[in-house]
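For reference, the structure is listed below as structure tokens.
Each chain gets a letter, A, B and so on, in the order the sequences are listed, and its residues count up from 1.
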There are 2 protein chains.
Amino acid sequence: MQSRGKRLDKKQNTLYVGSLAKGLRLLRAFDETHTELSLVELAQRTGLDKSAVQRLANTLHIEGMLDKNPVTRRFRPSHAWLELAYAYYWSDQLVGQALPKLIDLSQSLGETVNLAERSGDHIIYVNRLPCQRTYFAATVIGRRLPALSTSSGRAMIATLPADEREEAIRTWPLKKFTARTTMDRTSIRHSIDEAVEKGYAISSGQMILSEIAVACPIRDPNGRAFAAVQCSISAHTWTHERVEAEILPRVQDTANAISPASQAHRG
Amino acid sequence: MQSRGKRLDKKQNTLYVGSLAKGLRLLRAFDETHTELSLVELAQRTGLDKSAVQRLANTLHIEGMLDKNPVTRRFRPSHAWLELAYAYYWSDQLVGQALPKLIDLSQSLGETVNLAERSGDHIIYVNRLPCQRTYFAATVIGRRLPALSTSSGRAMIATLPADEREEAIRTWPLKKFTARTTMDRTSIRHSIDEAVEKGYAISSGQMILSEIAVACPIRDPNGRAFAAVQCSISAHTWTHERVEAEILPRVQDTANAISPASQAHRG
DNA sequence: GAACCAGGTATCATTATATAATACCTGATA
DNA sequence: TATCAGGTATTATATAATGATACCTGGTTC
């Protein structure tokens with residue numbers, strides 16, 4: 001256990017460009033609560049020294065990846081970050097395949113509809129169609145959440161073979177968002193078992209107290225889910241039962257309609 | 001004019017980290033038509049040599065910025081690109097301020113609504129609420145277009161003082177998208193003059209043949225627009241006149257409602 | 001209004017680190 | 001089996017990144 005050697009494994013490879021990796025750390029220093037950072041703040045958040053941050057931030061600025069407020073000298077994400085999302089969208093076939101169906105769904109329900117994909121042990125929202133003065137409007141596209149803590153994640157996990165499912169339930173991360181967020185893995189196992197039987201997952205108050213969420217898996221040809229259609233509804237005007245009776249069937253139809261589309265160019 | 005010295009100006013500065021800039025070039029090599037690239041394709045598109053691309057792509061892969069198909073060995077944008085968009089959204093106050101109003105607008109019109117921001121001599125779409133089986137659905141968030149060629153851009157330019165306006169009309173770039181895209185700067189001047197008088201811009205078939213687009217500026221406290229609310233309508237079911245009578249007023253109300261909000265924390 | 005300080009900017013010697021040439025694999029095609 | 005394109009690995013070399021330090025600037029304190 002060479003604890004001193006700092007950069008071991010793949011990183012101490014001549015194929016690893018450290019400066020690039022450090023630059024990326026600056027980009028990742030920005031999040032919900034850090035929307036604008038100064039040089040020293042960047043240094044603190046990345047653990048890099050002042051000089052390094054100076055050079056890297058300057059480079060990112062020149063290259064148009066960071067905007068700089070000329071008076072405060074603070075840095076912000078630039079429009080280029082959205083251009084990257086644009087490129088991402090074109091590279092993800094699912095997004096294009098799903099969009100028309102999601103629009104139909106959202107119009108017919110009059111409720112907010114999200115498309116989530118699995119990203120390791122997390123899920124990430126790749127598309128959102130907001131409807132109704134979405135109280136919990138908020139920005140969601142690109143948000144990454146522990147799979148176990150979301151209805152989308154549970155709906156997806158439920159499609160995995162029993163051993164993988166169990167492994168996920170035991171080891172994947174959890175995060176507490178509200179007072180009602182389930183942190184007990186046994187409860188989560190029940191919830192996922194239910195999803196295995198019913199083919200969908202439903203949860204209340206996991207992310208936001210007043211929210212009911214239903215999610216149905218989008219499956220690949222082997223039946224494994226790699227994505228999910230999810231619908232968020234206000235618990236103020238809906239009950240669990242009404243959601244299952246009125247919302248769920250259409251969400252499920254949409255998810256199924258998207259599913260078989262895995263007829264990409266590949267045997 | 002030292003034509004040989006390759007990296008002059010700001011780039012031949014010790015504050016410029018070339019490796020980072022090169023890495024960013026790889027990211028930017030992906031677009032609508034290049035959604036998945038191999039090493040050699042990356043080398044071609046970036047102008048870097050094979051070895052450099054190998055190292056940089058490898059680094060980006062290790063850092064989670066590029067996904068690699070283990071069988072084809074081709075690279076793709078990763079989910080991290082969406083996470084960057086997520087961070088961008090939080091850093092852009094306008095997005096949060098505008099969203100609820102845009103949702104209302106979209107619901108009341110039943111038509112696709114977009115939010116565009118100015119980005120130098122281009123505009124970029126920062127938010128979109130798709131409605132109706134948007135024929136021209138397509139992904140739009142993050143798309144960057146010449147300001148002069150879009151209704152949003154023209155609506156914004158129209159709020160600038162006459163000299164800046166003229167400068168824009170004469171020098172900013174144009175791009176032809178359809179047979180009907182205006183490439184004549186005199187016509188564009190007419191269109192912008194009209195927008196100056198009326199306070200909004202309307203155009204047909206600029207981006208897509210069957211599309212009518214209306215845009216209203218979102219102004220800062222000095223009256224200059226930095227963004228616009230835009231609505232895209234199918235020319236198959238609507239006429240220019242009906243759009244002006246029925247759609248426009250509500251788009252304008254929305255844009256105005258968003259405008260004064262420049263009451264950020266700042267004197 | 002002088003002294004102080006935090007944070008941004010600029011400079012520079014030093015060598016770590018990125019480089020590009022080259023050789024080596026692999027798997028597809030003929 | 002031969003050929004080839006494209007991906008992977010290695011290495012000597014010097015370029016280009018490093019981080020310490022010094023210099024500005026503008027805001028705050030007494």
Side-chain angles (χ1 to χ4, degrees), chain A residues 2 4-27 29 34 36-63 65-76 265-267, chain B residues 2 4-27 29 34 36-63 65-76 265-267:
Chain A
Q2 311 120 294
R4 232 1 183 147
K6 259 198 171 183
R7 296 151 194 154
L8 316 146
D9 59 285
K10 302 181 178 180
K11 303 208 173 181
Q12 183 51 320
N13 189 315
T14 60
L15 296 181
Y16 186 80
V17 181
S19 320
L20 173 54
K22 285 177 196 161
L24 299 175
R25 286 167 73 178
L26 295 210
L27 302 184
H34 303 88
E36 208 185 48
L37 295 168
S38 68
L39 275 184
V40 296
E41 287 165 347
L42 277 168
Q44 287 162 356
R45 282 184 61 74
T46 57
L48 299 170
D49 71 49
K50 198 181 161 187
S51 295
V53 170
Q54 180 189 182
R55 272 176 282 116
L56 298 167
N58 183 250
T59 306
L60 291 168
H61 178 51
I62 291 173
E63 293 301 325
M65 290 299 296
L66 288 178
D67 286 346
K68 185 174 186 174
N69 182 321
V71 32
T72 66
R73 269 85 215 279
R74 295 167 75 82
F75 295 95
R76 281 196 37 210
H265 21 77
R266 179 74 192 74
Chain B
Q2 310 122 292
R4 236 350 184 158
K6 259 201 170 185
R7 295 152 195 154
L8 315 146
D9 58 285
K10 301 179 179 181
K11 302 208 174 183
Q12 183 50 321
N13 189 314
T14 61
L15 296 181
Y16 186 80
V17 182
S19 321
L20 173 53
K22 285 178 196 160
L24 299 175
R25 286 167 73 180
L26 295 211
L27 301 184
H34 303 87
E36 208 186 45
L37 295 169
S38 67
L39 275 184
V40 295
E41 288 165 345
L42 276 168
Q44 287 162 355
R45 281 183 62 73
T46 56
L48 301 170
D49 70 49
K50 196 182 163 189
S51 296
V53 170
Q54 180 188 184
R55 273 177 284 115
L56 298 166
N58 183 249
T59 305
L60 291 168
H61 177 51
I62 291 174
E63 293 301 323
M65 290 300 296
L66 288 179
D67 285 345
K68 185 175 187 173
N69 183 321
V71 31
T72 65
R73 269 84 214 279
R74 295 167 77 81
F75 294 96
R76 282 195 38 211
H265 23 79
R266 179 74 192 74

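Rounding to the nearest 0.5 angstrom, the gap separating the OH atom in A:Tyr16 from the CD atom in B:Glu63 is 3.5 Å. One finds the CG atom of A:Leu48 at 13.0 Å from the CD atom of A:Gln54 (value rounded to the nearest 0.5 Å). Distance check, rounded to the nearest 0.5 Å: OG of B:Ser38 to NZ of B:Lys68 gives 11.0 Å.
For A:Ser19, no side-chain nitrogen or oxygen approaches OP1 or OP2 of C:dT17 to under 4.0 Å. For B:Lys22 and C:dT19, the shortest distance from a side-chain N or O to OP1 or OP2 is below 4.0 Å.
Atoms CD (A:Glu36) and P (C:dG8) sit 12 Å apart, rounded to a whole Å. In this entry the distance linking CG of B:Asn58 with C1' of D:dT10 reads 14 Å, nearest Å. Between the CG atom of B:Leu56 and the C1' atom of D:dA16 there is a distance of 14 Å, rounded to whole Å. Spacing between atom CG of B:Leu20 and atom C1' of D:dA16 amounts to 14 Å, rounded to whole angstrom units. Protein atom NE2 of A:His61 is 13 Å distant from nucleotide atom C1' of C:dT9, rounded to whole Å. In this structure, the CG atom of B:Leu15 is 9 Å from the P atom of C:dT9, given to the nearest Å.
Closest approach to the B:Arg55 side chain among D:dT18, C:dT11, C:dT19 is made by C:dT19 (side chain taken as heavy atoms from C-beta onward).
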For nucleotides 26-28 of chain D, give me every protein contact, N/O to N/O, under 3.5 Å, one pair per line with atom names.
none

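Two residues are said to be in side-chain contact when any heavy atoms from C-beta on lie closer than 4.5 Å; A:Thr59 and B:Leu15 fail this criterion. Contact of the A:Leu37 side chain with the A:Leu26 side chain is not registered, since no non-hydrogen atoms from C-beta on lie closer than 4.5 Å. Side-chain atoms of A:Met65 and A:Leu27, non-hydrogen and from C-beta on, do get closer than 4.5 Å to each other. For the pair A:Phe75 and A:Leu42, the minimum side-chain heavy-atom distance is below 4.5 Å. Between B:Leu24 and A:Leu60 the shortest side-chain heavy-atom distance falls below 4.5 Å.
Where B:Gln54 and A:Val17 each meet DNA chain C at their nearest nucleotide, the meeting point lying more 5' is that of A:Val17.
Contacts between residues 65-76 of chain A and DNA chain D, counted as heavy-atom distances below 4.0 Å, involve no residue at all. Listed by residue number, the members of residues 37-52 of chain B with any heavy atom below 4.0 angstrom from DNA chain D are B:Ser38, B:Leu39, B:Val40, B:Lys50.
For A:Arg76 (side chain) and A:Glu36 (main-chain N/O), no donor-acceptor pair under 3.5 Å exists by modelled atom type. Checked by atom type and distance alone, the side chain of A:Thr46 never pairs as donor or acceptor with a backbone atom of A:Arg25 at under 3.5 Å.
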Might you work through the salt bridge (charged side-chain N to carboxylate O under 4.0 Å, His left out) test for B:Glu41 and B:Arg74, ending with a clear yes or no? CA-CA 9 Å; B:Glu41 288 165 345; B:Arg74 295 167 77 81; 3.0 Å; yes
